[in-house]
Structures are given as structure tokens and as C-alpha cells.
Amino acid sequence: MKVVIVGGGWAGLAAAVQLIKNNITVSLLEASRQLGGRARLIQFGKNRLDNGQHIMLGAYKSLLLLMKDINIKENQVLKRLPLDLKLLDKNGACFHLRTGNLPAPAHLLTGLLSARGFSLKDRTTVLRAIITMRLSGFKVEPDVPLQEYLNRLGQTKKAVEYLWQPLCISILNTPIETASTEIFLKVIREAFFGKKSDSEMLLPIDNLGACFPDPAMDYIEQNNGNIQLGSRVDSLKLSGDSIKGVISNNEMLEADNVILASAPEHTLKLISSIKVLNPVTTMLEKIESLPITTLYLRYPEPVSLNRDFVGFADCHTQWVFDRDRLTGDTGILAAVISGPGKHMKMTTEELSGVITKEIADHYPMFPAPVETKLVREKRATIASSVGINKHRIKNESPVKGLWFAGDYTDTGYPSTLEGAVRSGQNCARLIINE
Ligand SMILES: Cc1cc2nc3c(=O)[nH]c(=O)nc-3n(C[C@H](O)[C@H](O)[C@H](O)COP(=O)(O)OP(=O)(O)OC[C@H]3O[C@@H](n4cnc5c(N)ncnc54)[C@H](O)[C@@H]3O)c2cc1C
């Protein structure tokens with residue numbers, strides 16, 4: 001059996017590793033000159049940085065197991081921290097929640113009880129909401145916007161602004177007014193109601209390539225797999241309703257199975273003229289993408305947040321990461337804005353100026369940065385909007401031998417690295433079972 005994988009993002013690579021482990025020959029074609037897909041490298045002066053700060057969770061079980069499977073040592077590429085959210089507002093007041101030392105979910109409850117910046121009412125409404133979520137089996141039928149769900153649970157303004165909203169935008173990259181409660185509850189369940197370590201945060205201490213794509217490439221090539229960079233697939237070759245291969249650079253590459261592990265907009269281009277795939281095309285057209293914006297700032301001397309990252313309330317900037325503490329990039333901070341918003345209408349100069357000022361307002365002792373770089377990823381993730389799960393396509397397709405993988409498929413999970421890995425692995429499993 002020969003499998004061709006289109007796309008070398010985390011989904012395509014996860015599928016390739018899984019297939020190879022089952023002695024199936026794999027060729028992976030990647031359009032760009034680097035692996036990693038949406039998680040790619042950029043140059044900032046002399047530093048090579050990721051196109052955006054990525055955070056993983058202890059609950060990303062498939063991803064962590066996959067890394068272990070190909071001998072990536074977690075502590076050599078990731079820093080594991082307890083859930084520790086600190087938000088500063090313009091008046092210098094702050095909200096601080098850090099999970100306690102007890103087993104899950106008591107660690108969350110003790111964290112809430114001792115959270116700074118919450119009144120008794122804020123705490124009790126959040127506790128009540130968590131109990132209701134658990135009693136409902138983390139299910140909501142039909143799906144509703146998260147904001148509406150939280151209103152029903154009587155959440156205070158502060159609980160929404162300081163806890164639910166930051167969690168929602170960070171996990172789903174989707175505004176709370178439109179976010180899917182169904183998807184949100186799935187992550188809350190997996191992160192907070194399994195083991196305590198599931199709620200821990202994992203931050204890369206090297207670039208993302210080192211966390212999986214680079215070792216995956218070595219693993220694939222050492223096991224007779226073939227990876228071709230700079231090879232865009234232009235079309236699919238079918239015979240009747242069966243796949244026969246792909247066309248890339250005017251050459252046909254034959255295959256019994258083809259996995260399209262490209263992002264939804266690229267998958268759409270490859271399949272839109274194939275009649276039998278019309279129902280899939282219709283579903284794909286309903287998928288929307290949302291941005292993530294990152295500003296890297298270089299300071300003339302080392303600056304420190306005294307913690308790995310901090311949140312800003314009431315600002316365009318949502319989170320600021322201390323790259324020195326995380327990756328050893330001295331004097332560099334990364335400011336992140338997830339999701340859409342007014343910042344999308346600002347020019348690069350305007351937005352860079354606004355973020356720089358917001359950081360200076362919170363940390364007046366910092367010198368002015370000497371260099372900034374704004375990275376706008378307009379299609380960073382799909383929108384995890386209410387009802388979206390109904391429009392997420394399955395790995396299987398009506399064309400025999402054609403499969404779909406990617407963070408946008410029907411995983412029930414938000415559009416994340418873990419979602420991409422789960423999808424790629426599931427696709428591989430289906431092929432193996434066939
Ligand atoms: C700035 C930013 C921050 C993020 N933060 C987080 C985070 O904190 N935590 C988290 O879990 N996730 C985060 N994400 C989301 C995460 O990066 C994505 O969910 C994940 O990378 C998607 O992987 P994928 O393999 O499904 O798709 P992609 O990464 O889109 O991979 C698809 C690949 O297919 C290739 N391709 C497309 N068309 C063709 C073709 N015709 N021929 C050959 N190749 C083709 C593309 O070049 C690409 O390499 C973030 C994303 C961004 C951009």
C-alpha cells in the first residue's frame with residue numbers, strides 16, 4: 001500500500017508517523033520550504049522565532065504521547081507550569097489564579113477559593129458554574145454561545161471578564177459572544193477533570209519545529225518515508241470514484257490512499273471541481289478562519305516580567321510572554337492578541353505603537369524597544385463558533401482512498417495542535433484498519 005500525504009503541518013506529520021509505525025510506505029508533499037504548517041518560523045533580526053506564541057496543555061495527550069513515541073524528551077523542548085493566570089488592569093489591580101497542590105478537580109477549587117481579585121460572589125458563582133458543568137456531563141444541547149450559557153449560570157461581570165473570557169479566547173481563539181459552549185466544555189472537562197497534570201501549561205523553550213516537525217521529519221526519513229518540500233499538489237487524479245494519485249509539478253504520483261492534510265481553504269481548492277465531493281465542499285465553505293496577532297519587541301537591554309507570561313485586562317494586548325525566561329531570547333517580549341477585533345483595522349505602525357504603549361504603561365521601568373515585528377496570521381485557526389461541529393468534515397470521504405486530516409475536521413476539539421494530531425492519527429488508523 002502506498003499513501004501520499006498532502007501537507008506537512010502537525011496533522012500530516014502525525015498521520016505519517018502513525019502509518020510508518022505500521023509499516024506503510026508514505027510520501028509527504030509539502031508546498032512550502034519548511035514543515036510545521038501554520039506553526040512556522042520567522043526571522044526577527046538575528047533571532048529565528050515562531051510566527052506566534054503557542055501554548056499546549058497537559059491534556060494534549062495524543063500530542064504528548066506522539067512526541068514520546070519518536071523519542072522527543074518533553075523537558076528538552078517544553079516548560080511545564082501549573083495553571084497560573086495573572087491579569088493586570090490599567091489601575092495596577094490584578095486578578096491571580098493559581099491551581100493548588102491537591103488532586104484534580106480540588107486543585108481548581110482551592111485555586112478559585114484563594115484567587116486574588118475575586119469577591120465572595122465572584123467565587124461562588126464560578127464554583128456553581130463548574131458544578132453545573134460537571135452535573136450536566138459537560139454537555140449542552142443544543143449548542144449555544146458561551147456568553148449566553150454563562151449568563152444562564154448567573155456569572156458576575158468580573159468572573160466573565162477575568163476568567164471565562166480570557167480562557168475562551170486563549171483556548172478557542174473565538175470571541176465569547178459567538179464561541180461554541182460544546183467545544184469549550186470538552187476542553188474544560190479534559191483539562192480540569194482528569195489528572196491534575198492535565199491542566200498544566202506547556203510552553204516551548206525552543207522553536208516549535210524542535211517540538212515535533214523536525215524530529216518527525218528525521219523519523220520519517222530514517223524509516224523509508226519520503227518528504228518533498230516545495231512540492232505543491234495542484235490536483236487529484238481519480239478513476240471513477242477511487243483515488244489514483246496526485247499531480248504535483250506536472251507529474252503524477254500514484255497512490256492507493258491520499259490524505260489531504262492541508263488547511264480548509266487549500267483543501268477546498270483541491271476538491272471543489274470533484275462532483276462526488278460536493279457535500280464536503282458545502283461543509284468546508286461554512287468553515288471560517290480567525291486571526292492571531294503577535295508583536296515581537298526587542299529592548300536594548302534585558303527586561304523581565306518576573307514570570308513567564310502575564311495578561312492585560314482592558315487592553316488590546318491580551319498576553320505578554322517573557323522570551324528570555326522561556327527561550328533565552330534576551331531582551332525580547334512577545335505580545336499576543338487572539339481572535340478578531342478593532343486591532344485588525346489598525347495599520348502595522350498604529351498597532352505596534354498601541355501594544356508598545358500598553359506594555360510601557362504596565363512596566364514604566366522598561367526602556368523603549370529598539371525594534372518591533374508585527375506578525376498577523378489572518379487564518380491562524382478556524383472559528384470555534386456555536387454549531388460549528390455540525391459542519392466539520394469527517395476523515396473519510398465519498399472517494400475511495402481519499403481522506404481528510406487537519407485541525408478543522410470533526411475532532412470535537414478546538415483548532416489546535418492537539419486537534420491536528422488527533423485528526424492525523426485517526427486518519428492513519430482508518431487506513432490501517434482498511
Ligand atoms: C499565530 C498562531 C498561534 C497559535 N497558537 C496556538 C496555541 O497556542 N496552541 C495550539 O494548540 N494551537 C495554536 N495555533 C493553531 C495551530 O498552529 C494549528 O491548529 C495547527 O498548526 C494546524 O495544523 P494542521 O496540520 O491541521 O494544518 P496546517 O498547519 O495548516 O498544515 C497544512 C499544511 O499543508 C500545506 N499545503 C497546503 N496546500 C498544499 C498543497 N496543495 N500541496 C502541498 N502542501 C500543501 C501547507 O503549506 C501546510 O504546511 C496557533 C496558530 C497560529 C498561526
Side-chain angles (χ1 to χ4, degrees), residues 4-16 27-42 49-57 59-60 62-64 78 169-173 187 201-204 208-209 211-213 216 227-236 246-249 253 258-271 287 289-296 309 318-319 321 334 336-339 374-382 384 392 395 404-409 411 413-425 427:
V4 166
I5 300 176
V6 181
W10 290 51
L13 290 167
S27 286
L28 188 149
L29 304 184
E30 166 54 49
S32 91
R33 295 257 157 226
Q34 55 170 297
L35 292 173
R38 266 168 275 164
R40 62 190 173 85
L41 278 175
I42 54 145
L49 305 171
D50 294 315
N51 59 336
Q53 178 68 47
H54 278 63
I55 297 190
M56 299 163 216
L57 290 174
Y60 283 16
S62 307
L63 168 52
L64 293 170
L78 296 170
I169 198 77
S170 309
I171 299 172
L172 268 57
N173 193 35
V187 181
M201 294 177 301
L202 297 147
L203 287 112
L208 274 167
C211 296
F212 176 59
I227 295 185
Q228 295 174 34
L229 298 178
S231 296
R232 178 175 298 281
V233 168
D234 302 308
S235 59
L236 307 178
V246 299
I247 313 273
S248 175
N249 300 326
L253 189 62
V258 171
I259 301 179
L260 292 185
S262 37
E265 65 278 11
H266 297 130
T267 300
L268 196 54
K269 271 193 201 149
L270 286 170
I271 67 164
I287 302 275
S289 297
L290 289 177
I292 297 182
T293 309
T294 306
L295 182 73
Y296 284 108
F309 68 98
Q318 292 162 356
W319 303 102
F321 292 82
V336 176
I337 309 177
S338 294
L374 189 73
V375 189
R376 295 185 200 252
E377 290 291 349
K378 292 198 178 127
R379 293 173 178 271
T381 69
I382 68 158
S384 289
R392 295 174 81 176
N395 296 116
F404 302 106
D407 62 349
Y408 70 94
T409 60
T411 58
Y413 220 67
S415 170
T416 52
L417 298 171
E418 171 72 5
V421 167
R422 286 187 191 188
S423 173
Q425 289 187 322
C427 217

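Order of listing sets the numbers, starting from 1, for every ligand and every atom in it.
For atom 41 (N) of ligand 1, the nearest non-hydrogen atom of the protein is V233 O, 2.9 Å. A420 CB, 3.6 Å is the protein heavy atom nearest to atom 23 (O) of ligand 1. Here the protein heavy atom with the shortest distance to atom 34 (O) of ligand 1 is G7 CA, 3.2 Å. Summary of contacts: the protein heavy atom closest to atom 19 (O) of ligand 1 is D407 OD2, 2.7 Å.
Between F212 and W10, the two ring planes are tilted [angle within 30° to 60°].
Heavy-atom proximity to atom 51 (C) of ligand 1, evaluated over H54, R38, E377, is greatest for H54.
Those atoms of ligand 1 that come under 4.0 Å of a heavy atom in L29, given as number and element, are 43 (C), 44 (N).
In this structure, the side chain of N51 engages the main chain of R38 through a donor-acceptor pair within 3.5 Å. Distance alone, capped at 3.5 Å, is enough to place a donor-acceptor pair between the E418 side chain and the L63 backbone. A donor-acceptor contact shorter than 3.5 Å links the side chain of N173 to the backbone of G339. Under a 3.5 Å cut-off, the side chain of Q34 and the backbone N or O of R40 do not form any donor-acceptor pair. N395 contributes a side-chain N or O that, together with a main-chain N or O of F404, makes up a donor-acceptor pair within less than 3.5 Å. Side chain of S415 to backbone of Y408: no donor-acceptor contact under 3.5 angstrom is found.
Between A31 and ligand 1, at least one pair of N/O atoms sits closer than 3.5 Å. Checking only distances, A380 never comes within under 3.5 Å of ligand 1, N or O to N or O. The shortest N or O to N or O distance between L417 and ligand 1 is below 3.5 Å.
Each of I382, T409, D407 was evaluated against R392; a single residue qualifies, I382, per the side chain to side chain contact (heavy atoms under 4.5 Å, CB included) test.
Ligand 1 lies out of reach of M56, whose nearest heavy atom is not under 4.0 Å from it. In this structure, S338 has no heavy atom closer than 4.0 Å to ligand 1. At least one heavy atom of Q53 sits closer than 4.0 Å to an atom of ligand 1.
Contacts between H266 and ligand 1 below 4.0 angstrom, taking non-hydrogen atoms only, involve the side chain exclusively. At a 4.0 Å heavy-atom cut-off, ligand 1 touches A261 through the backbone alone. When non-hydrogen atoms are compared, ligand 1 lies under 4.0 Å from the backbone of S231 (N, CA, C, O) but not from its side chain. Using a 4.0 Å cut-off between heavy atoms, Y60 contacts ligand 1 through its side chain alone, with no backbone atom that close.
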